[in-house]
Number of protein chains: 2
Amino acid sequence: MGITKSEIFSPQQNELANFARVLGHPARIAILEHLFKINTCVCGDLVKEIGLAQPTISQHLKELKTIGLIKGEIAGTRVCYCIDEENWKEMRAILSTFLHQSLSEPDCC
Amino acid sequence: MGITKSEIFSPQQNELANFARVLGHPARIAILEHLFKINTCVCGDLVKEIGLAQPTISQHLKELKTIGLIKGEIAGTRVCYCIDEENWKEMRAILSTFLHQSLSEPDCC
DNA sequence: TTTTTATATTGCAATATTACGATAATAAAA
DNA sequence: TTTTATTATCGTAATATTGCAATATAAAAA
């Protein structure tokens, strides 16, 4: 069916999975890494840097923007994208909590 | 096309994205959370716990096993699944490093 | 105003993912 | 041996994702 049954999971589980899903593509990882290095970047730079077509990069940027990890401001014909620090930290906290769970029982296998 | 151009990204970027991708589904989050709570679990328990069909759970377990986050041992007709702590910690380290990048420039937007 | 530049959107093709019924496989129980 | 219980695999349907060419949009430059 290809459709995730979100309704049977908690909002927390869905949110966590959604953040992970957006990080689950190397192009988006590359975009974020580049934005961290050069914290202000227009789409064109990323197209050269990454090597995917302009519409493809634009699409990945849109997804990152929708989930709130980056923000973009129009500057003439260009758009200045950068990390949304506040949301980034929130996402990081959510993921970190999950990643640092500890086992209540010892390993069985 | 639906096919990710992995070859244009670094092995690190692909590995990171791949870990995130596997975490990018609420059923797999729920499975991992349950395994953390009760660190030894048969597939049938997860089917009851989560509420997806048995083949679906089995498929998600396979993906988690393939990437190494869990391991399973046959115990009679059942299979005992649990977190693979070593690999989990490795994945956590990789993700944490990425999540804790800091901006080299102050926020521009 | 026309042209140029840069990004977004649309439409489409191809592949991937999700979910589940049916069935296979395997081992314990009867 | 037959039955039962449990998990894996196969096949399939439906939706999602990825990528790009073509085009639209919008602002700056000429």
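Order of the sequence lines fixes the chain letters, A, B, ..., with proteins taken first and strands second; residue numbering starts at 1 for each chain.
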Could you tell me how far apart [X] ([atom1]) and [N] ([atom2]) are, to the nearest whole angstrom?
| X | N | atom1 | atom2 | answer |
| --- | --- | --- | --- | --- |
| A:Ile57 | D:dT17 | CD1 | C1' | 15 Å |
| B:Asp45 | D:dA5 | CG | C1' | 13 Å |
| A:Leu46 | C:dA6 | CG | P | 14 Å |
| B:Leu64 | C:dT18 | CG | P | 11 Å |
| A:Glu73 | D:dA27 | CD | C1' | 16 Å |
| B:Ile50 | C:dA19 | CD1 | P | 11 Å |
| B:Ile31 | C:dT18 | CD1 | P | 11 Å |

When you measure from the side chain of B:His100 to the backbone N and O of B:Ser96, does any donor-acceptor pair fall under 3.5 Å?
yes
Test of understanding: with side chain to side chain contact (heavy atoms under 4.5 Å, CB included), list the residues that count as partners of [X], not counting sequence neighbours.
| X | value |
| --- | --- |
| A:Thr97 | none |
| A:Ser6 | A:Thr4, A:Asn14 |
| B:Ile74 | B:Val79 |
| A:Thr77 | none |

Which ones in residues 10-28 of chain B lie close to DNA chain D, meaning a heavy atom under 4.0 Å from one of its atoms?
none
Check nucleotides 25-30 of chain C against the protein and report each pair of N or O atoms closer than 3.5 Å, with its distance, or say if there are none.
none

When you compare the protein's N or O atoms with those of nucleotides 8-12 of chain D, which come within less than 3.5 Å of each other, and at what distance?
residue: D:dA8; atom: OP1; partner: B:Tyr81; partner atom: OH; Å: 2.5
residue: D:dA8; atom: OP2; partner: B:Ser58; partner atom: OG; Å: 2.8
residue: D:dA8; atom: N7; partner: B:Gln54; partner atom: NE2; Å: 2.8
residue: D:dA8; atom: N6; partner: B:Gln54; partner atom: OE1; Å: 3.0

Qualifying salt bridge (Lys or Arg N to Asp or Glu O under 4.0 Å) pairs, either residue in residues 87-99 of chain A, two or more places apart
none
Tell me which pairs pass salt bridge (Lys or Arg N to Asp or Glu O under 4.0 Å) where either residue lies in residues 42-52 of chain A, with sequence neighbours left out.
none
Using the ring-ring contact (aromatic ring centres under 6.0 Å, His included) criterion, which residues pair with B:Phe9? Sequence neighbours excluded.
none
Just N and O in the side chain of A:His60: are any of them under 4.0 Å from OP1 or OP2 of D:dT17?
no
Below the 4.0 Å mark, does D:dT6 have OP1 or OP2 next to a side-chain nitrogen or oxygen of B:Arg78?
yes
Give every residue pair that meets the side chain to side chain donor-acceptor pair (under 3.5 Å) criterion with at least one member in residues 52-65 of chain B, sequence neighbours excluded.
B:Arg21-B:Glu63, B:Arg28-B:His60, B:Arg28-B:Glu63
Do B:Phe36 and B:Trp88 have their ring centres less than 6.0 Å from each other?
yes
Ignoring hydrogens and geometry beyond distance, is a side-chain donor-acceptor pair present between A:Gln13 and B:Glu33 at under 3.5 Å?
yes
May I ask you to say what A:Thr4 touches in the nucleic acid, namely base, sugar-phosphate or nothing, with a heavy-atom cut-off under 4.0 Å?
sugar-phosphate
